[in-house]
Protein chains: 2
Amino acid sequence: MDDEFTLELDDQLCFALYAASRVITARYRPLLDDLGLTYPQYLVLLVLWERGAVPVKDLGAALQLDYGTLSPLLKRLEANGLVRRERRPEDERSVIVALTDDGVALRERAAAVPPVIGDAMGLSKEQTAQLRGLLRTLTDNVSR
Amino acid sequence: MDDEFTLELDDQLCFALYAASRVITARYRPLLDDLGLTYPQYLVLLVLWERGAVPVKDLGAALQLDYGTLSPLLKRLEANGLVRRERRPEDERSVIVALTDDGVALRERAAAVPPVIGDAMGLSKEQTAQLRGLLRTLTDNVSR
DNA sequence: CGCAATTACATCGTGCACAACTTAATCGGG
DNA sequence: CCCGATTAAGTTGTGCACGATGTAATTGCG
């Protein structure tokens, strides 16, 4: 009677994952509201703070998001004055996303966020490393 | 130089979680398309298959979703003939969600789904149990 | 070179998530 | 019994996700 795969909600790893992901972004929400950001917008800024100006394509590759998600998101970031978008002269198909001064400046305030989240997660260093490893293995396996 | 909390994307457990969750639902998509379901609709049916008719409130508690998400979702399930919604006579505030015959019948076809997903995840029994445990601990900690 | 294929991006439509607000039914204290 | 508070659900508006489609720029092959 050890049916490995059932239709029971609590058995499903996928639901645990889905629930955990939503709880986490809910925890981010009040912190990011103070910065005027949504969670996906915050992820885009993480990439830009780390790498500097990049084409939209690279953002999509880093975050695994397509243009249908990124185009309007970047438009909103631009409307909020955090980002500039400019066609690359050497290849007019490509759009480079770059931080404005406001976008760069926001990084300092954002630095306060990860410790709060890390604290709320309440996992030991070992548990954190283990979880990250399992999630990557799973993501790699599934997306193959 | 072991800054525990940085703004680097790859360090963030939250991103690993967010990415894993989206990859999983992407893997579900073609399977659920065949059943005419979306992933959240599938989760609702899991609850109904397991518990039978329940009020909307209980669905929300089980899946951690609010009425703003569930009301239109249930309307679509009803429009597709998988579910009925009826006010409870003893308390007209409450709406009971019950499976139709089609909804009950769909369970058999849905039983084919979990093994495919479980297989795609490619984790051992131990890894699966470990991951589920870590996700629950994290969810409990964060939502407290 | 000429042009078909590819690439990078944008747009549109559907369906979640979720906050804020509204409505209708029930409950509970005075 | 009455009325304010609570409860269950629905509605509206915003912002993702993502498939499908469109478009302009570039590439590459004959």
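Fair warning: this is a prediction, and the values are worked out from it, not measured in the lab. Labels below follow one simple rule: chain letters A, B, ... track the order of the sequence lines, proteins then strands, and each chain is numbered from 1.
The nearest whole Å value for the distance from the CZ atom in A:Arg87 to the P atom in C:dA8 is 12 Å. In this structure, the CG atom of B:Leu74 is 7 Å from the P atom of D:dG10, given to the nearest Å. Residue A:Asp91 contributes atom CG, which lies 12 Å from atom P of D:dG28 at whole-angstrom precision. The interatomic distance linking A:Ile96 (CD1) with D:dA25 (C1') rounds to 15 Å, in whole Å. For the pair A:Leu73 CG and D:dT14 P, the interatomic distance rounds to 16 Å; values are reported in whole Å.
Residues B:Leu135 and A:Leu131 form a side-chain contact, since some pair of their non-hydrogen atoms from C-beta on lies under 4.5 Å apart. Side-chain contact check for A:Leu138 versus B:Ile24: some heavy-atom pair is nearer than 4.5 Å. Side-chain atoms of A:Thr6 and B:Pro114, non-hydrogen and from C-beta on, never get closer than 4.5 Å to each other. For the pair B:Asn80/B:Leu37, no side-chain contact is recorded, criterion being any heavy-atom separation below 4.5 Å from C-beta on.
Distance check: B:Leu77 CG to B:Leu82 CG gives 6.0 Å after rounding to the nearest 0.5 Å.
Contact record, A:Val47 with A:Ala62: CG2-CB, 4.2 Å, taken as the closest heavy-atom pair. Considering all non-hydrogen atoms of both residues, B:Gln130 and A:Leu134 come closest at OE1-CD1, 3.8 Å.
Looking only at distances, a side-chain donor or acceptor of A:Asp66 sits under 3.5 Å from a matching main-chain atom of A:Thr69. Looking only at distances, a side-chain donor or acceptor of A:Asn141 sits under 3.5 Å from a matching main-chain atom of B:Met121. A:Ser94 contributes no side-chain N or O that, together with a main-chain N or O of A:Arg88, makes up a donor-acceptor pair within less than 3.5 Å.
Applying the ring-ring contact (aromatic ring centres under 6.0 Å, His included) test to residues at least two apart or on different chains, the pairs with a partner in residues 40-83 of chain B are B:Tyr28-B:Tyr42.
A:Arg85 comes within 4.0 angstrom of the backbone, heavy atoms only, and of no base.
The local environment of CG in B:Asp101 is sparse, with at most 12 non-hydrogen atoms from other residues, nucleotides or ligands closer than 6.0 Å.
Taking only side-chain atoms of B:Glu92, from C-beta outward, the nucleotide of C:dC16, C:dT26, C:dA10 with the closest atom is C:dT26. For A:Val95, counting side-chain heavy atoms from C-beta on, the closest listed nucleotide (C:dA10, D:dT26, D:dG10) is C:dA10.
Distances shown here put every side-chain N or O of B:Ser94 at or beyond 4.0 Å from the OP1 or OP2 atom of C:dA25. Applying the 4.0 Å criterion to OP1 and OP2 of C:dG15, one finds that B:Lys75 has every side-chain N and O outside that range. The shortest distance between the side-chain N/O atoms of B:Arg76 and the OP1/OP2 oxygens of C:dT14 is not below 4.0 Å.
Between the axis at the start and the axis at the end of the helix from C:dC1-D:dG30 to C:dG30-D:dC1 there is an angle of 10°, using five pairs per end and rounding to 10 degrees.
The stretch residues 12-45 of chain B touches DNA chain C through B:Thr38, B:Pro40, B:Gln41, each having a heavy atom under 4.0 angstrom from the strand. Contacts of residues 56-72 of chain B with DNA chain D (heavy atom under 4.0 Å): B:Val56, B:Lys57, B:Tyr67, B:Gly68, B:Ser71.
Every residue two or more places apart in sequence or in another chain was checked for a salt bridge (Lys or Arg N to Asp or Glu O under 4.0 Å) with A:Glu92, and none qualifies.
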Protein-nucleotides 2-4 of chain C N/O pairs closer than 3.5 Å?
none

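Exactly one of B:Leu65, B:Leu63, B:Leu17 qualifies for a side chain to side chain contact (heavy atoms under 4.5 Å, CB included) with A:Arg22. That residue is B:Leu65.
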